[in-house]
Protein chains: 2
Amino acid sequence: MTSTRDSILDAAESVVAREGGARLTIDAVVGESGYSKGGVLYHFRNKTALLEAMLERMLARVEVEVDAASTRAKAEASPLAPAIIEALLTHRKSDATVSVALLAASAEQPELLDPAREYVRNKVNDVLSDAPDPVTALIALLTIDGLHFNELLGIDYITPEQRELVQARLIRMMQEMYS
Amino acid sequence: MTSTRDSILDAAESVVAREGGARLTIDAVVGESGYSKGGVLYHFRNKTALLEAMLERMLARVEVEVDAASTRAKAEASPLAPAIIEALLTHRKSDATVSVALLAASAEQPELLDPAREYVRNKVNDVLSDAPDPVTALIALLTIDGLHFNELLGIDYITPEQRELVQARLIRMMQEMYS
DNA sequence: GTCTATAGTCCGATAGAC
DNA sequence: GTCTATCGGACTATAGAC
């Protein structure tokens, strides 16, 4: 029961992954999806609407993981902050190329990131209000951002081993926060 | 003695700052600079060459500050890592819009970031080889990346006060590393 | 809901005069 | 080194048939 909408979004992701964000044209999505231009534009009335939907779907994937970790922590009566931090740490972008391209597209239309901004703000508030030491929690969150963006941009001045060490240290910092 | 080259680059930055990266067309630079298209394309044989030059100039601005901090630390025989960390912390992008746009442009041509990548790798190596505890130093560097990217994307889930606290903590972490 | 066809716009790059 | 003029390509979006 993959909807037409979803299969068009799949096609759009494929185009970006294979050819980059600049090649994300409606015509390219038309070619990739097998639908016609009119058909695609029926489901997404313009290119911006398509981008919005792509970002929405991508954000939803992160939400699933983080929310699962949150409710699990709540059920186990264990602290929230470490749970969310760990969920964010283990979340790997399905495809960096797609993420970067969408991010790049958002540079031109900052409103596109609004839903993501709001979600992040809420989650950060959850973490900070739960954390005995907010500054430590902030540093952990920002470090994770740093890791993600470096991975996204392929800067990776960090080896996999170093990454492991950083992750372990962050988790330890979170745990020690509660003792 | 502002060279023609430089004034064209200035014009390009103005265009991006005012209208965003998507509007960074050669025609727009032509209009902004007052030169003709032929004139602009004499100095930058195509758009990629223009982007390269813009990134190069932007990187050079960071290099100046960081290298100054490095040599100052060396002269005072004080530790290198805190000096570089502090320099990176205080460095504020002259214009976030321009940075984001150039970053976005680099999404399509990752090679554009190669010079920046190499510079960053070198500096990180400098910091890590000087730091008694590399993991702590890495977390500081990644936190700074997180701060910068959040500022760039306007996500800023962080208040100015929180930012101050984080900065102070990072500096303290760097100092304690040596004791 | 999906198709074809096309209008209308913008852009990068070249050629060649001065 | 700087200019004008212009070509060729690519893109979004609309109109209207099926």
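Just so it is clear: chains get the letters A, B, ... in the order the sequence lines come, proteins before strands, and each one is counted from 1.
Listed by first and then second residue, the ring pair (Phe, Tyr, Trp, His ring centres under 6.0 Å) pairs that reach into residues 139-179 of chain A are A:Phe149-B:Phe149, sequence neighbours excluded. Residue pairs meeting the salt bridge (charged side-chain N to carboxylate O under 4.0 Å, His left out) criterion with at least one partner in residues 134-143 of chain A, sequence neighbours excluded, are absent. The salt bridge (charged side-chain N to carboxylate O under 4.0 Å, His left out) pairs that include a residue from residues 133-145 of chain A are A:Asp133-B:Arg169, where partners are two or more places apart or lie in different chains.
Residues satisfying the side-chain hydrogen bond (donor to acceptor under 3.5 Å, both in side chains) test with A:Lys37, not counting sequence neighbours, are A:Asp27. For A:Glu13, the side-chain hydrogen bond (donor to acceptor under 3.5 Å, both in side chains) partners two or more places apart in sequence, or in a different chain, are A:Arg57, A:Arg61. A search for side-chain hydrogen bond (donor to acceptor under 3.5 Å, both in side chains) contacts involving B:Glu52 returns nothing, not counting sequence neighbours.
Comparing the end axes of the helix from C:dG1-D:dC18 to C:dC18-D:dG1, each fitted to five base pairs by superposing C1' atoms of four pairs onto the next four, gives an inter-axis angle of 10° (nearest 10 degrees).
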- Query: In the 5'-to-3' direction, what one-character label does each nucleotide of nucleotides 3-18 of chain C receive under the scheme B = base within less than 4.0 Å of a protein heavy atom, S = sugar-phosphate only, - = no such atom?
  - Reply: BB------SBBB----
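Listed pair A:Tyr42 / C:dT2 fails the phosphate criterion, with no side-chain N or O lying under 4.0 Å from OP1 or OP2.
Salt-bridge check for A:Glu32 with A:Arg18: passed, with a basic side-chain N closer than 4.0 Å to an acidic carboxylate O.
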Give the table of side-chain donor-acceptor pairs shorter than 3.5 Å for residues 40-51 of chain A, with sequence neighbours excluded, one pair per line with atom names and distance.
| residue | atom | partner | partner atom | Å |
| --- | --- | --- | --- | --- |
| A:Asn46 | OD1 | A:Thr48 | N | 3.2 |
| A:Asn46 | OD1 | A:Ala49 | N | 2.9 |
| A:Lys47 | NZ | A:Leu24 | O | 3.0 |

